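Before any comments, here is the structure.
What you see below is based on every heavy atom in this structure, not just the backbone, and it leaves out hydrogens, waters and symmetry mates. Keep in mind it's a predicted model, so treat the numbers as computed, not measured.
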Amino acid sequence: VVNICDRYGWEVVPFPEETQLALDTIQKYNFNDEFTRTKIYKCMFPYQREGVRMAICRFNGKCLIGDEMGLGKTLQAISIFKYYKLSKLVVVCPAYLRYTWYYEFKKWIDDIDPIMIKKGSDSLHRGWPIIISYDLASKKVEELKKMQVEMVICDESHYLKSHTTKRTKALTPLVCKAKKVVFLSGTPALNRPIELYSQAHMLHPTIFPSFRKYAVRYCNGQMSPLGFFDSSGSSCPYEMKWICRKMFMIRRLKRDVLT
């Protein structure tokens, strides 16, 4: 390889330490086949079962399910929760989706009584799982951190796309501390690679340790002539796609699974 690069005058540049870490990472975990006999597993479409298996066997319960809208991301997340049999679950979602999550839990899991936090005065110490909006979760994050949350599901996780917002800064320590994390979003990065940074960092802080490193590598980050750091571009797109799919991303489109 070095001789070929020398022949054409190409510069040989080593991978960054974090990218090399991703290359060296081997993610393979066992799947308990007893789960295939549960009602929720039998009711899923084949591609949903595949998504649950990928989340468990490849990502060990820390993933971003970026399936297109309408492909059943909520059901897959609930299935992952049921598979691990964890009790201390917090579902963070937009306020308008709290009732949807409540009824989905009641529909798919027997003998469960989700706790919906509707206003700031509601107590968190009434049981599990807890369903809470992004705004209330960021306000109650210190209380949540003391409750030793085992699993976090963030629906419409693109709400966390900006690493500079109070919401993202507040929830990052809570999510990083959880044993299992599932992000759900049909549009995980709406416009630019930088919008994926905060979600990637929460899932794998060792591979995506800092905003500046990520921006320089994947967003063509550089100082603007106007005196600010510009991270609105894109660079190394194929590497970015590879590392996301290897470490945490599950993404299917309707045309791929419903035809």
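- For the pair Glu239 and Arg217, the salt-bridge criterion is met [side-chain N within less than 4.0 Å of a carboxylate O].
- Residues Val52 and Tyr47 are not in side-chain contact: their nearest non-hydrogen atoms beyond the backbone lie 4.5 Å or more apart.
- Side-chain contact between Val182 and Cys154 is absent, with no heavy-atom pair separated by less than 4.5 Å.
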Audit row: Val92, Asp155, side-chain contact (heavy atoms from CB on, under 4.5 Å) steps and yes/no: CA-CA 6 Å; Val92 187; Asp155 196 5; over 6 Å; no
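- You'll find the side chain of Leu21 reaches within 4.5 Å of the side chain of Thr206, heavy atoms only.
- Taking the six-membered ring where tryptophan is involved, the planes of Tyr41 and Phe35 are perpendicular, since the angle between them exceeds 60° and thus also 30°.
- Scanning both residues, Ser138 and Leu171, for their nearest heavy atoms gives N-CD2, 4.1 Å.
- Criterion: ILVMFWY side-chain heavy atoms under 4.5 Å apart, direct or through other members. Under it, Leu23 and Tyr214 are part of a common hydrophobic cluster.
- Taking all atoms of both residues into account, the shortest heavy-atom contact from Asp122 to Lys140 is O-NZ, 3.2 Å.
- Within 6.0 Å of CD in Glu17 there are 12 or fewer heavy atoms belonging to other residues, nucleotides or ligands.
- A 6.0 Å sphere centred on CZ of Phe31 holds more than 12 heavy atoms belonging to other residues, nucleotides or ligands.
- Considering every non-hydrogen atom in both Leu144 and Ala137, the closest pair reads CD1-O, 4.1 Å.
- Two residues are said to be in side-chain contact when any heavy atoms from C-beta on lie closer than 4.5 Å; Arg167 and Leu160 meet this criterion.
- For the residue pair Lys169 and Pro173, the shortest heavy atom distance occurs at O-CD, 3.3 Å.
- A donor-acceptor pair under 3.5 Å is formed between the side chain of Glu150 and the backbone N or O of Ser87.
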The test is side-chain contact (heavy atoms from CB on, under 4.5 Å); show your working for Asn60 and Gln27 and say whether it passes. CA-CA 8 Å; Asn60 197 25; Gln27 299 195 121; 5.9 Å; no
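- In the hydrophobic clustering of this structure, Tyr96 groups with Tyr99; members are Ile, Leu, Val, Met, Phe, Trp, Tyr whose side-chain heavy atoms approach within less than 4.5 Å, directly or through other members.
- Within a 6.0 Å radius of CZ in Phe228, other residues, nucleotides and ligands contribute more than 12 heavy atoms.
- With Gln48 contributing its side chain and Leu71 its backbone, the two residues share a donor-acceptor pair below 3.5 Å.
- Between Phe229 and Phe211, the two ring planes are perpendicular [angle over 60°; tilted spans 30° to 60°].
- Of all heavy-atom pairs spanning Ser198 and Ser162, the tightest one is OG-N, 4.3 Å.
- Residues Leu86 and Lys88 fail the side-chain proximity criterion, which asks for heavy atoms closer than 4.5 Å.
- Note: Ser234 OG to Arg192 CZ = 11.0 Å, rounded to the nearest 0.5 Å.
- A salt bridge is defined here as a Lys NZ or Arg NE, NH1 or NH2 lying under 4.0 Å from an Asp or Glu carboxylate O, and Asp67 with Arg252 meets this definition.
- When side chains are defined from C-beta on, Ile130 counts as touching Met147, because their heavy atoms get closer than 4.5 Å.
- Rounding to the nearest 0.5 angstrom, the gap separating the CD atom in Glu104 from the CD1 atom in Ile131 is 10.0 Å.
- Remark: the Ser232 side chain and the Asp230 side chain contain an N/O donor-acceptor pair separated by less than 3.5 Å.
- Ionic pairing of Glu142 and Lys145 is present here: one or more N-O contacts between side-chain nitrogen and carboxylate oxygen are shorter than 4.0 angstrom.
- A donor-acceptor pair is defined here as one N or O able to donate and one able to accept, closer than 3.5 Å; such a pair exists between the side chain of Thr172 and the backbone of Thr168.
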How far apart are the C-alpha atoms of Met54 and Cys63, what are their side-chain angles, what is the distance that settles it, and do they pass the side-chain contact (heavy atoms from CB on, under 4.5 Å) test? CA-CA 9 Å; Met54 288 175 63; Cys63 64; over 6 Å; no
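- With rounding to the nearest 0.5 Å, the separation of CD1 in Ile132 from CH2 in Trp101 is 14.5 Å.
- Here the side chain of Arg251 pairs a donor or acceptor atom with the backbone of Gly186 at under 3.5 angstrom.
- From Met151, atom CE reaches atom CD1 of Ile80 across 6.0 Å, with rounding to the nearest 0.5 Å.
- Cation-pi geometry between Arg58 and Tyr29 is not met at under 6.0 angstrom from the ring centre and within 45 degrees of the axis.
- How far CE of Met249 is from CE of Met240: 7.0 Å, rounded to the nearest 0.5 Å.
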Test salt bridge (Lys or Arg N to Asp or Glu O under 4.0 Å) applied to Glu18 and Lys213, step by step: CA-CA 9 Å; Glu18 294 77 18; Lys213 286 184 178 181; 3.1 Å; yes
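- Going from atom NZ of Lys39 over to atom NZ of Lys82 covers 8.5 Å, rounded to the nearest 0.5 Å.
- Met69 and Phe45 sit in two unconnected hydrophobic clusters of ILVMFWY residues. Membership requires side-chain heavy atoms under 4.5 Å apart, directly or through other members.
- Enclosure of atom NZ in Lys106 by more than 12 non-hydrogen atoms of other residues, nucleotides or ligands within 6.0 angstrom is indicated.
- Contact record, Gly61 with Tyr84: N-OH, 3.2 Å, taken as the closest heavy-atom pair.
- Trp128 is not listed as a side-chain neighbour of Asp113, based on a closest heavy-atom distance of 4.5 Å or more.
- Between Lys246 and Asp24 there is no salt bridge, since no side-chain N of the basic residue sits under 4.0 Å from a carboxylate O of the acidic one.
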Please test Tyr197 against Ser231 for side-chain contact (heavy atoms from CB on, under 4.5 Å), starting from the C-alpha separation and ending with a verdict. CA-CA 11 Å; Tyr197 164 72; Ser231 59; over 6 Å; no
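- Hydrophobic clustering places Tyr103 together with Val91 (ILVMFWY residues linked when any side-chain heavy atoms are closer than 4.5 Å, directly or through intermediates).
- Hydrophobic clustering (side-chain heavy atoms under 4.5 Å, transitive across Ile, Leu, Val, Met, Phe, Trp, Tyr) groups Ile117 together with Ile112.
- Thr38 has its side chain out of reach of Trp108: every pair of non-hydrogen atoms, C-beta onward, lies at least 4.5 Å apart.
- Using a 3.5 Å distance cut-off with no hydrogens or angles, the side chains of Ser185 and His158 do pair a donor with an acceptor.
- In this structure, the side chain of Ser235 engages the main chain of Asn220 through a donor-acceptor pair within 3.5 Å.
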